[in-house]
Amino acid sequence: MVLFPAKTRYRKHQRRRLRGKASAGATVNFGEYGLQSMECAYLTTNQIESARKAMTHYLKRGGKVWVRVLADRVRTERAAETRMGGGKGAPIAFVAPVRQGHILFEIGGTNEDSAKQALKLAGFKLPIKTRFVVKQ
């Protein structure tokens, strides 16, 4: 599954501080249950994919999963043991900026108990606190 954009506008992004609550993407829209972030963080493609695989493995084709985050920003890093100066480091990974309250994953077509357990397993794979939410 491709979790990063095919083409980006900028090769390197300026890093910004993440804080505040999510204004967009804070409600469950597609499925009946969701996994909501309780903290701000940058999630990498590997973390998102690992959480998605944990959910789909648990559900065993028993429901539909929606991934509501896309890693569309570039993270750069300088090579190890390099001196200061010489410009910004090379791109190493794509990250998704996630604010507090953003819905990360949604599940539909299954009962609440299995959805809760699947989203709990996905939450273990992420570096932030999450919670289970039900569509209003």
Side-chain angles (χ1 to χ4, degrees):
M1 182 175 226
V2 178
L3 291 171
F4 54 88
K7 194 167 127 183
T8 56
R9 183 178 286 184
Y10 302 110
R11 197 168 142 260
K12 297 174 181 178
H13 286 281
Q14 287 193 343
R15 202 166 33 238
R16 62 176 191 239
R17 196 166 138 202
L18 278 179
R19 53 186 188 175
K21 294 187 178 175
S23 54
T27 55
V28 179
N29 292 330
F30 303 103
E32 293 127 36
Y33 312 104
L35 187 70
Q36 188 176 41
S37 69
M38 301 297 291
E39 299 172 337
C40 297
Y42 285 107
L43 300 182
T44 65
T45 53
N46 291 344
Q47 291 163 347
I48 297 166
E49 179 65 9
S50 176
R52 186 197 66 80
K53 282 173 81 172
M55 273 190 303
T56 53
H57 179 75
Y58 180 82
L59 290 173
K60 295 189 180 74
R61 299 158 62 110
K64 183 156 173 51
V65 174
W66 287 270
V67 180
R68 295 279 309 270
V69 286
L70 174 71
D72 59 346
R73 293 181 66 85
V74 175
R75 198 178 105 206
T76 61
E77 198 172 89
R78 297 294 301 272
E81 300 179 14
T82 347
R83 294 187 178 191
M84 292 288 105
K88 194 170 171 74
I92 58 157
F94 282 93
V95 293
V98 172
R99 286 203 168 87
Q100 180 185 348
H102 195 280
I103 302 294
L104 306 171
F105 300 99
E106 291 185 23
I107 291 180
T110 184
N111 60 356
E112 187 171 345
D113 293 335
S114 61
K116 186 177 272 194
Q117 184 62 30
L119 290 168
K120 183 180 177 184
L121 291 171
F124 288 145
K125 301 287 184 182
L126 300 174
I128 54 175
K129 289 182 189 170
T130 57
R131 73 174 181 180
F132 177 78
V133 290
V134 182
K135 189 172 190 171
Q136 299 297 356

Residues which pass ring-ring contact (aromatic ring centres under 6.0 Å, His included) with F94, listed by chain and number, not counting sequence neighbours: F4
Kindly list each side-chain donor-acceptor pair under 3.5 angstrom involving residues 106-135, sequence neighbours excluded, with atom names and distances?
| unit_1 | atom_1 | unit_2 | atom_2 | d |
| --- | --- | --- | --- | --- |
| E106 | OE1 | N29 | N | 3.4 |
| E106 | OE1 | F30 | N | 2.7 |
| E106 | OE1 | G31 | N | 2.7 |
| E106 | OE2 | N29 | N | 3.1 |
| E106 | OE2 | R68 | NH1 | 2.2 |
| T110 | OG1 | S114 | OG | 2.5 |
| N111 | OD1 | S114 | N | 3.3 |
| N111 | OD1 | S114 | OG | 2.4 |
| S114 | OG | N111 | O | 3.2 |
| R131 | NE | Q36 | OE1 | 2.7 |
| R131 | NH2 | Q36 | OE1 | 2.9 |
| K135 | NZ | N29 | O | 3.1 |

Residues two or more places apart in sequence or in another chain: which of them pass salt bridge (Lys or Arg N to Asp or Glu O under 4.0 Å) with E77? R75
Establish whether L35 and Y33 are linked, either directly or via other cluster members, by ILVMFWY side-chain heavy-atom contacts under 4.5 Å. yes
Is there a chain of hydrophobic side chains (I, L, V, M, F, W, Y, each step under 4.5 Å between heavy atoms) that links V67 to V98? yes
Side chain of E49, backbone of N46: donor and acceptor closer than 3.5 Å? no
Got a list of side-chain donor-acceptor pairs under 3.5 Å for residues 10-20, not counting sequence neighbours?
| unit_1 | atom_1 | unit_2 | atom_2 | d |
| --- | --- | --- | --- | --- |
| K12 | NZ | K88 | O | 3.3 |
| K12 | NZ | G89 | O | 3.4 |

Quiz: residues 53-65 side-chain donor-acceptor pairs under 3.5 angstrom, not counting sequence neighbours:
| unit_1 | atom_1 | unit_2 | atom_2 | d |
| --- | --- | --- | --- | --- |
| T56 | OG1 | R52 | O | 3.1 |
| T56 | OG1 | K53 | O | 3.2 |

Which atoms form the tightest heavy-atom contact between R99 and A22, and what is the distance? CB-N, 3.8 Å
Grab the two heavy atoms, one from T45 and one from A71, that are nearest each other, plus how far apart they are. CG2-CB, 3.5 Å
In Å, rounded to the nearest 0.5 Å, how long is the span from CG of D72 to NZ of K7? 15.0 Å
Could you list the cluster mates of M84? Members are the ILVMFWY residues connected by side-chain heavy atoms closer than 4.5 Å, either directly or through other members. none
